[in-house]
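Just so we're clear, the structure is a prediction, and the values are computed from it rather than from any experiment. Order of listing sets the numbers, starting from 1, for every ligand and every atom in it.
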Amino acid sequence: MRIGVIAIQGDVSEHVDALRRAIDQRGESAEIVTIKHKGIVPECDALVLPGGESTTLARLLVKEGIDNEIKDMSASGRPIMGTCAGLILLAKEGDEQVKKTHQHLLGLMDTKVNRNAFGRQCDSFETELELPFLDTPYNAVFIRAPGIIDAGNNVHVLAKTDDMIVAAEQDNILALAFHPELTLDTRVHQYFLDKLF
Ligand code: GLN
């Protein structure tokens, strides 16, 4: 198994560490590769799109030609997890800010996102989130977090905070507005890995 982490910008090493911990806990083995250039995504069995700055990420994904590889990967049904800025990139439609800046989105989920749904950097927060696949709440860290403001019928809403969708799933794709890689609790990464192993 090979799991790719888009490593253009953002909290890449945290995702690599969290995946490593989660895989070890399962007693499985898998290679984790960081991706900066074209040609690696097609060889991955699963992919993580980390948080960061979605405008920068989008621009560089297109420049490197990785965007089309991700679309092909999604079409083949392989699991993809997008966290924070990753949730923005996965969306079909953005808010006024996204439209004004002509920000490129991958459009893999039938969702509309608000890029900075919870305010600015200083409005970052943590909350105990109920997730349907966990027995007890998950301490979710939100950093200048986006939110899904609209979702099609094919999108399975997993969690909401302040009326904003903060975790959702559509077929092979999992989108989270928070950062599961910033806590030691690997349960969300485990849920993602369940789709692979
Ligand atoms: N809101 C940020 C953006 O628009 C994403 C923040 C994050 O990934 N921590 O890019």
Side-chain cluster (under 4.5 Å, hydrophobic types only) that Leu47 belongs to, other residues: Ile6, Ile8, Val33, Ile35, Ile40, Val41, Leu49, Leu57, Leu60, Leu61, Ile66, Ile70, Met73, Ile80, Leu89, Leu90, Leu106, Leu108, Met109, Val155, Ile173
SB check Glu69 Lys38 (cutoff 4.0 Å): no
Closest non-hydrogen atom pair, Val166 against Phe142: CG1-CE2, 3.6 Å
Lys195 with Glu169: basic N within carboxylate O range, under 4.0 Å: yes
Presence of salt bridge, Arg144 and Glu53, under 4.0 angstrom: yes
Contact residues of ligand 1, where a non-hydrogen atom lies under 4.0 Å away: Gly51, Gly52, Glu53, Ser54, Cys84, Ala85, Ile88, Arg115, Asn116, Ile143, Arg144, His179
Residue pair His102 / Thr55, side-chain heavy-atom distance below 4.5 Å: no
